[in-house]
Amino acid sequence: MTQLNLWQRYQDWLYFNNELNLYVDVSRMRFDDALVEALTPKFTKAFADMAALEQGAIANPDENRQVGHYWLRNPDVAPAELRAEIISNLAQIATFVQQVHAGEIRPLSAPKFTDILSIGIGGSALGPQFVDEALAPAAGDLAISFIDNTDPAGIDKILAKLKDRLKSTLVIITSKSGGTPETRNGMLEVKNAFEQQNLSFSDHAVAITMLGSKMDEIERNEGWLAEFPMFDWVGGRTSEMSSVGLLSAALMGIDVNALLAGAKTMDIATRVADIKQNPAALLALSWYYATNGKGEKDMVILPYKDSLQLFSRYLQQLVMESLGKQVDLAGNIVNQGLTVYGNKGSTDQHAFVQQLREGVANFFAVFIEVLKDRDGPSITVDPETTSGDYLSGMLQGTRQALYDNGRDSITLTIKEVTPKTVGALIALFERAVGIYASLVNINAYNQPGVEAGKKAAETLLNLQHRVLAVLKTSDKPLALNELAEKADASAQIEHVYKIVRHLAENERGIVLQGDLKFPTSLQVLKV
């Protein structure tokens, strides 16, 4: 295709939202009119599915629940019985944040809170981390740290960074059920750190959870500072506009009303039942074309702005947990999905762009362009050229180089990174995921694979308890196969081996005798 033809295609397919100053360019995706025509009936159904979802239909049949993250930024479209609690939650957050900032809610050992320690995992961490990285003021009143894993060394690193500031740290623990192991473990580790400094954990702790959950019970029994609700109809990966994301963002000084407004504006834009006039539909169309509707290619997210570096991580969960499904809504085995990875430009010019242009053509790229370089003027680093001009040139050049070698791409352009545009980007991809899921007939709102992983981990921890029980009653070393047999786990001997190896390396009273290169030679002793 000639440059003039490309220019015409660019104009034909360019989407622009005047209120958001946001462009969507799918001209470098090589779909044709025949594909658009063939998919039009599926898009008609997808638009109807999304409308029904917003009107309160049971959108997650596996769990018989509604999916209403759209209501969070516009309570007026929520079912009447839910509006009051959405509005009340926003008011509760605003009041709490004002009281913390004013020092009316403060730690016993300091005049004000200086830090936030957020404990959560998955959607309870990725959204807040992304928004903080993108929007938090450089010199805010509060600093924030995250514990988003059950890695002891990682927890130690965060606690060491806080050191004496633990006495002025507000701890936010986010768990829908209150039983998520990683979050519970983080809470217990931090609670122990408070006790080691003779500090009252309850006077620093805030819960974000569902009414009636295990964490709700703990919060009430221990008398924490506050509790904010999680709603059954909001999934973790779409929870950034709920207490999960808004509380920490507001405490950091981010304009959460603008975040909500941006998402609301994008929701309005993505309700339009016209592919060309709906930015989320343009994304879904491009995904379908690139992957043949079967996840055959990966999506590489390349934001050309440091503040958006974590967007690819955020989108990994949103997209992959939503679209990575073994069966479709009819129960057919389909093994659907869309792999997401990325980092940022132009860093990746010096990393994996070489493979993107000349290696396996198993991907399409999503460039995110930010027009405004910085607040204030820029120096010139070359004649009539600024650092920002180089960044823009790198983006345009990489886009062209990929296209010239048969690699497709989408370009999203925003004027600047603000709460409003970040809210819009989040809402854009949320809707694109919902539309695409309808096109390929899967449930975007369940996560059976995640639940399977949790159950498998629980099974292995139960096996560890059995192994330790056997060792405690033995007065002599046991061969590995003998230990597995006594623990009723002969078929799981590899798991038994990995359990005792881990315990031995962590000074848990387990000693391994024998040649470590040959596991079957090992004798296991409890000392």
Side-chain angles (χ1 to χ4, degrees), residues 1-18 20-40 43 269-270 272 274-293 296-305 308 338 340 342 344-346 348-349 352-373 385 388-415 425 428-429 432 435-436 439:
M1 187 175 290
T2 68
Q3 287 299 318
L4 284 177
N5 288 337
L6 274 176
W7 171 235
Q8 187 59 53
R9 181 173 172 83
Y10 176 83
Q11 295 177 81
D12 290 344
W13 282 96
L14 181 65
Y15 171 87
F16 176 67
N17 186 296
N18 187 62
L20 294 167
N21 274 314
L22 178 144
Y23 304 76
V24 178
D25 164 27
V26 297
S27 64
R28 268 47 175 186
M29 303 297 293
R30 291 174 170 83
F31 57 80
D32 57 22
D33 292 343
L35 177 66
V36 178
E37 184 177 351
L39 288 177
T40 296
F43 271 100
T270 55
V272 176
D274 181 327
I275 298 173
K276 275 195 169 184
Q277 301 305 318
N278 184 324
L282 289 172
L283 294 187
L285 168 65
S286 300
W287 298 356
Y288 193 98
Y289 158 74
T291 70
N292 198 25
E296 292 175 357
K297 290 187 177 181
D298 303 338
M299 178 163 65
V300 182
I301 307 294
L302 292 171
Y304 276 64
K305 207 66 173 176
L308 298 179
L338 176 56
V340 179
K344 67 177 180 180
S346 66
D348 291 316
Q349 311 285 133
F352 53 69
V353 166
Q354 168 65 30
Q355 177 170 314
L356 296 186
R357 188 177 190 277
E358 298 186 5
V360 182
N362 61 347
F363 73 95
F364 64 99
V366 179
F367 295 101
I368 302 176
E369 177 184 27
V370 181
L371 296 176
K372 186 174 180 180
D373 292 337
T385 307
D389 295 340
Y390 269 101
L391 189 65
S392 179
M394 292 292 185
L395 188 158
Q396 303 304 333
T398 302
R399 173 177 175 268
Q400 185 65 42
L402 292 181
Y403 184 80
D404 289 345
N405 215 30
R407 273 67 167 164
D408 290 335
S409 68
I410 301 165
T411 302
L412 306 179
T413 302
I414 56 176
K415 180 180 177 180
L425 286 173
L428 172 61
F429 278 89
I435 292 174
Y436 183 83
L439 295 181

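Sequence positions, counted from 1, serve as the residue numbers for this chain.
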Whether Lys305 side chain and Asp373 backbone form a donor-acceptor pair below 3.5 Å: yes

For Asp298 and Val340, indicate whether the former's side chain and the latter's backbone hold a donor-acceptor pair under 3.5 Å. no

Quick one: are [X] and [Y] in side-chain contact, heavy atoms under 4.5 Å?
{"X": "Phe429", "Y": "Leu412", "result": "yes"}
{"X": "Gln400", "Y": "Gln3", "result": "yes"}
{"X": "Ile368", "Y": "Tyr304", "result": "no"}
{"X": "Trp13", "Y": "Lys276", "result": "yes"}
{"X": "Ile410", "Y": "Met29", "result": "yes"}
{"X": "Tyr289", "Y": "Phe364", "result": "no"}

Cation-pi, Phe367 ring and Arg407 (6.0 angstrom, 45 degrees):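 No cation-pi geometry.
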
If you round to the nearest 0.5 Å, how far is [atom2] of [Y] from [atom1] of [X]?
{"X": "Thr411", "Y": "Gln396", "atom1": "OG1", "atom2": "CD", "result": "7.0 Å"}
{"X": "Tyr10", "Y": "Leu14", "atom1": "OH", "atom2": "CG", "result": "4.5 Å"}
{"X": "Thr413", "Y": "Leu371", "atom1": "OG1", "atom2": "CG", "result": "6.0 Å"}
{"X": "Leu356", "Y": "Leu302", "atom1": "CG", "atom2": "CG", "result": "7.0 Å"}
{"X": "Lys372", "Y": "Asn21", "atom1": "NZ", "atom2": "CG", "result": "11.5 Å"}
{"X": "Leu282", "Y": "Asp274", "atom1": "CG", "atom2": "CG", "result": "9.0 Å"}

Check: [X]/[Y] side-chain N/O donor and acceptor closer than 3.5 Å:
{"X": "Gln354", "Y": "Glu358", "result": "yes"}
{"X": "Tyr436", "Y": "Ser286", "result": "no"}
{"X": "Asn17", "Y": "Tyr15", "result": "yes"}
{"X": "Ser392", "Y": "Asp389", "result": "no"}

Run Ile414 and Leu20 through side chain to side chain contact (heavy atoms under 4.5 Å, CB included) and show every step you take. CA-CA 8 Å; Ile414 56 176; Leu20 294 167; over 6 Å; no

Can you list everything that forms a salt bridge (Lys or Arg N to Asp or Glu O under 4.0 Å) with Lys415? Sequence neighbours excluded, please. none

Test of understanding: with salt bridge (Lys or Arg N to Asp or Glu O under 4.0 Å), list the residues that count as partners of Arg399, not counting sequence neighbours. Asp25

Scan residues 26-35 for pairs that pass salt bridge (Lys or Arg N to Asp or Glu O under 4.0 Å), counting only residues two or more places apart or in two chains. Arg30-Asp408

In short, Ala284 meets Ala432 closest at the heavy-atom pair CB-O, 4.1 Å

Where is the tightest heavy-atom contact between Pro279 and Val24, given as atom of each residue plus distance? CB-CG2, 3.8 Å

Flag if over 12 foreign heavy atoms under 6.0 Å of CD, Glu37: no

Tell me, please, which residues at least two apart from [X] pass ring pair (Phe, Tyr, Trp, His ring centres under 6.0 Å).
{"X": "Tyr23", "result": "Phe16"}
{"X": "Phe352", "result": "Tyr341"}
{"X": "Tyr390", "result": "none"}

Would you check, one step at a time, whether the test side chain to side chain contact (heavy atoms under 4.5 Å, CB included) holds for Leu395 with Ser346? CA-CA 7 Å; Leu395 188 158; Ser346 66; over 6 Å; no

Is there a side chain to side chain contact (heavy atoms under 4.5 Å, CB included) between Leu285 and Ile275? Walk through the geometry before answering. CA-CA 8 Å; Leu285 168 65; Ile275 298 173; 4.1 Å; yes

